[in-house]
Engineer: 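Below is one structure. I have some questions about it.
Here is the naming used below: chain letters follow the sequence lines, and residue numbers restart at 1 for every chain.
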Amino acid sequence: MITDVKEMRDLAASMMGRDFAFDVETSGLRAHQDRTLGLSLSYVDDNDDIVSEYVVFEHTLPSADDDTFGIPHDFIARSDAVAALTPVFAQTEVAMSAHNMAFDLGFLWKMGLDPKGELHDTMIGEFLLNENRESYGLKQTAERVFGARMAVYKNLHHYLNFAKEEFMAVPLEPAAAYAEDDTKYTYLLFERQLPMLDEEGLLTVFERLSMPLCRVIAEMQVKGFALDMAKVAELREEYGAISATHEHAVWSAGMDMIADWQEQGEDIPDTYLKMIDHLVKDGVPVQARVDDNNAPYDVHVRGRAVPVFQKTKRTKPRVPYFNVGSRTQLADLLYGYYGITVPTKVKVKTNKDGTVGVDKDTLKIIKHFMGDKAPKVLDDLLEWRKADKLIGTYLDPFSRMADPDDNYAIRANFNQTIARTGRLSSSSPNLQNVPSRGELGKKVRSLFVARPDHALIVCDYSQLELRLLAHYSQDEALLRAFTENLDLHTMTGARQAGLTYEELAERVANEDPEAKLLRTIGKSANFGLSYGMGAKKYQVYLLVNNGIYFDIEDVQKQIDGFNEAYPRLYAWKQEVFEEVRRKGYVKTIGGRKRRLPEIYSGDIWEARAAERQAVNVKAQGGGADIVGLAMIRIQERVRPYNAYNVVQVHDEIVVESPTEHAETVLQIVKDSMIEVNNLLKCPLAVEGTIGPNWYEAK
DNA sequence: ACATAGCGCGCG
DNA sequence: AAAGCGCGCGCTATGT
């Protein structure tokens, strides 16, 4: 390890001109608030030996009188290390590798180091070489590839006066050895991957798309997306009340059921009995009196009289309590107590244990077929779920994760090695599933705001995936719709019904209800049928999304109509099926590989699923390639205006820009998104706007 | 007390 | 018997 400046300078000197791997050890996972404790570096010297050194900035030394205690100690000043390493990282002709580089970049940038060489993220490399693995962690990968058994961090000994998770808490020698192993295996992976990527024809997508995109992602993760916390709190209040109202209605119905069981002399299952003190702890209003033995009686839960159950003297007293969030209890209520019979005309969702689902789609189907006879509690349940989802998945986590020191920014992770199609995924929190549709979408997206003196630029591709399908299939009608900027849903609806586009478009413009229905069907067809949805599922889709019921025969006719509407599209899909059967994989337009070994499965349904995945990845993955290239271009071109990417939602890009440059930046973003299309024989279209928040910029 | 599977639901 | 694809996450039920 390296613990003084002189050694540091010697190391830097000996690294010049050589490929190297790097890895930061930190006090936490967030670059904006946590510290870099040290830097591990590996390279190969003149003797072809791999050299690994841990450069220590900050660590612990054992206490003089008690080696179970560690004393914080400063080693090399970061500024000295950075000064020595700046020329190393500034080299452009050497390869610089790291495992999960976006993470390291955040910390390096904060210290003032920016790797300028040929970047190589070994995690992404491993993903491109096989996107079907379960894990791309360094330890698992090193074990699989080299048979290396790397130390498990959690098992390292640590000083007792530190939290176990802290790297600082691990005594210096084993800590350094651990860090050095990280870059050693990263370097070995880098050496091994390069020729493999080349052999598989993946070098271009790696160097021109994945690695430049890694820098964009690192920046997005550092910057984050600002929130209007006052409005978050407001919305939390509003929906807290809405949630409580509907929850109470469903709860009361459930409690009626339990009371009914009692009257019938039936047992109340244990899962319905809750300990009184647990309810109190959860904030449920409970009134009770206690007798001489301190046993509760005359108990009211939420103002409702309930019996008390106490099996033995040693067990705590329990009361019946209906849990509105429990699927099993809801199924008891709906299919037992209310005796709702499941519609047979359409297929409803069943669970693994054979029970009927209580999901939104099933409830909507029930409502459709029962009409006025449907219990009112269904609406309360649907409304409660909506409000509860909003609070539990979005508002409360946002409040917890917002950074009060930077405009309540949310810093999500964007991962390049999760989605097998090559899309990004987002987590902690997921910013790619923030509500966008309907009234709720408006309210929630309005919470995401531009920082002071900034504006948001929101641009999205219109029908990106279908344009890829048009490109590949060269279907005349599909291409015409996109080159002439026609309404695609009208086009599909017209062709399904055997009408011309012009005829249906005019009737839709004149508010002809029958024509509007045809367009609606066309829209559903575009979303559902492009990737091979079957009749039964499509029937449900039409009913749940549009409230229209068709017999299964009519649904099949619509599917046939869709396939006949775009005959070249249908033919091209068959070609893709053959391609994946022949090669076992397909490639996207950006050169990414999607291996589908299930295509050779003896299970015909599994093989068919692989066929559909092959078609889907050409569109979805190709779209992801294009959006990625656009983001790279955007990052380079808006930086002079101090603008930057803040989020990507698959076909949508959000950029934050100083207000004074917003118009310029909008034009750059739109241009960039269009210009990356030197790959497609189908034009692209981008819609973009400027606004103070995520909704109003849309 | 803790981990995992399954469901349900938000997005493109 | 079975025919959209791709995600992340909160919650309950279940098992250890």
Side-chain angles (χ1 to χ4, degrees), chain A residues 131 269-271 323-331 347 349-363 381-382 385-397 412-415 417-438 440-441 444-445 460-466 468-469 524-541 544 555-556 559 562 573 577 594 596 603-624 627 647-653:
Chain A
E131 73 287 356
D270 280 352
T271 48
N323 184 352
V324 178
S326 162
R327 304 179 309 272
T328 47
Q329 297 189 15
L330 283 170
K347 198 180 128 190
K349 181 173 175 179
T350 51
N351 297 327
K352 285 208 160 170
D353 58 6
T355 56
V356 179
V358 290
D359 59 293
K360 171 170 52 82
D361 284 4
T362 303
L363 300 188
L381 178 55
L382 289 168
R385 286 224 180 114
K386 221 187 283 179
D388 188 59
K389 175 87 171 172
L390 176 69
I391 293 167
T393 303
Y394 301 107
L395 301 184
D396 284 352
N413 293 324
F414 291 90
N415 204 310
T417 59
I418 300 284
R420 300 201 226 275
T421 55
R423 272 186 176 180
L424 299 184
S425 85
S426 166
S427 58
S428 310
N430 182 354
L431 287 183
Q432 291 177 323
N433 72 348
V434 174
S436 70
R437 304 163 190 168
L440 207 57
V444 180
R445 293 222 168 178
D460 68 307
Y461 286 105
S462 116
Q463 310 284 10
L464 180 57
E465 287 190 17
L466 286 163
L468 274 128
L469 295 183
S524 294
N526 287 335
F527 287 132
L529 299 182
S530 297
Y531 304 117
M533 191 184 287
K536 287 177 183 172
K537 189 162 181 175
Y538 188 55
Q539 186 186 32
V540 170
Y541 187 89
V544 170
V555 172
Q556 188 56 54
I559 295 176
F562 179 81
K573 286 195 224 170
F577 295 168
R594 178 76 179 98
L596 292 161
D603 182 342
I604 186 69
W605 297 105
E606 200 172 55
R608 291 272 160 83
E611 290 178 347
R612 293 191 296 275
Q613 286 173 308
V615 170
N616 177 263
V617 74
K618 294 241 185 194
Q620 187 185 118
V627 177
V647 69
Q648 181 253 52
V649 193
H650 309 309
D651 61 4
E652 173 185 353
I653 293 171

Engineer: Using whole Å, what does the distance between atom C1' of nucleotide B/dC11 and atom CG of A/Leu464 come to?
Structural biologist: 16 Å
Engineer: Could you list the residues that satisfy salt bridge (Lys or Arg N to Asp or Glu O under 4.0 Å) with A/Asp270, not counting sequence neighbours?
Structural biologist: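 A/Asp270 satisfies salt bridge (Lys or Arg N to Asp or Glu O under 4.0 Å) with A/Lys311 once adjacent residues are dropped.
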Engineer: Go through the structure and list residues passing salt bridge (Lys or Arg N to Asp or Glu O under 4.0 Å) with A/Arg594, not counting sequence neighbours.
Structural biologist: A/Glu131
Engineer: Does OP1 or OP2 of B/dG10 have a side-chain N or O of A/Ser436 closer than 4.0 Å?
Structural biologist: no
Engineer: Can a donor-acceptor pair be found, under 3.5 Å and without considering hydrogens, that links the side chain of A/Gln329 to the backbone of A/Asn323?
Structural biologist: yes
Engineer: Counting the atoms with a prime plus P, OP1 and OP2 as sugar-phosphate, which does A/Thr271 contact under 4.0 Å by heavy atoms, base, sugar-phosphate, or nothing?
Structural biologist: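 Here A/Thr271 touches no strand at all.
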Engineer: Just by protein heavy atoms under 4.0 Å, how would nucleotides 3-11 of chain C read 5' to 3' in B, S and -?
Structural biologist: BBBBSBSS-
Engineer: Within the pair A/Ser326 and C/dA13, is there a side-chain N or O less than 4.0 Å away from OP1 or OP2?
Structural biologist: yes
Engineer: Does a side-chain N or O of A/Arg437 approach OP1 or OP2 of B/dG10 to a distance below 4.0 Å, or not?
Structural biologist: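 No, A/Arg437 has no side-chain N/O under 4.0 Å of OP1/OP2 on B/dG10.
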Engineer: Wobble G-U and Watson-Crick pairs count when both distances are under 3.5 Å; given that, what is the 5' to 3' dot-bracket string of DNA chain C, with | for pairing to other strands?
Structural biologist: ....||||||||||||
Engineer: Grab the CG-P distance between A/Leu431 and B/dC11 for me, whole Å please.
Structural biologist: 14 Å
Engineer: Not counting sequence neighbours, which residues clear side chain to side chain contact (heavy atoms under 4.5 Å, CB included) with A/Thr328? List them please.
Structural biologist: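 A/Thr328: side chain to side chain contact (heavy atoms under 4.5 Å, CB included) contacts with A/Ser326.
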Engineer: Measure CG/A/Asp359 against C1'/B/dG10 and give the value in whole Å, please.
Structural biologist: 14 Å
Engineer: Check the distance between B/dC11's P and A/Asp460's CG and give it to me in whole angstrom.
Structural biologist: 15 Å
Engineer: Which pairs with one or both residues in residues 613-622 of chain A pass salt bridge (Lys or Arg N to Asp or Glu O under 4.0 Å), sequence neighbours excluded?
Structural biologist: A/Glu579-A/Lys618
Engineer: Within the structure shown, what part of the strands sits under 4.0 Å from A/Asp396 by heavy-atom distance: base, sugar-phosphate, or nothing?
Structural biologist: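 Result for A/Asp396 = nothing.
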Engineer: So what does A/Val358 hit on the nucleic acid, given a heavy-atom distance under 4.0 Å: a base, only sugar-phosphate, or nothing?
Structural biologist: sugar-phosphate
Engineer: Residues in salt bridge (Lys or Arg N to Asp or Glu O under 4.0 Å) with A/Lys389, at least two apart?
Structural biologist: none
Engineer: To the nearest angstrom, how far is A/Asn351 atom CG from C/dT14 atom P?
Structural biologist: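 Checked: the CG to P distance equals 12 Å.
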Engineer: Base, sugar-phosphate or nothing for A/Asp353? Non-hydrogen atoms, less than 4.0 Å.
Structural biologist: nothing
Engineer: I'd like to check A/Val627 versus A/Ile653 (side-chain heavy atoms, cut-off strictly below 4.5 Å). Are they in contact?
Structural biologist: yes
Engineer: C/dA2, B/dC7, B/dC11: which one has an atom nearest the side-chain heavy atoms of A/Lys349?
Structural biologist: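 So the nucleotide nearest the side chain must be B/dC7.
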Engineer: Categorize A/Val434 for me: base, sugar-phosphate, or nothing, with a 4.0 angstrom heavy-atom threshold over every strand shown.
Structural biologist: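 Answer is sugar-phosphate: A/Val434 comes under 4.0 Å of backbone atoms only.
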Engineer: Give every residue pair that meets the salt bridge (Lys or Arg N to Asp or Glu O under 4.0 Å) criterion with at least one member in residues 418-437 of chain A, sequence neighbours excluded.
Structural biologist: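 Counting only pairs at least two positions apart or across chains, the salt bridge (Lys or Arg N to Asp or Glu O under 4.0 Å) contacts touching residues 418-437 of chain A are A/Arg423-A/Glu465.
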Engineer: Can you list the residues that meet the salt bridge (Lys or Arg N to Asp or Glu O under 4.0 Å) rule with A/Asp396, with sequence neighbours excluded?
Structural biologist: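 For A/Asp396, the residues satisfying salt bridge (Lys or Arg N to Asp or Glu O under 4.0 Å) (neighbours in sequence not counted) are A/Arg236.
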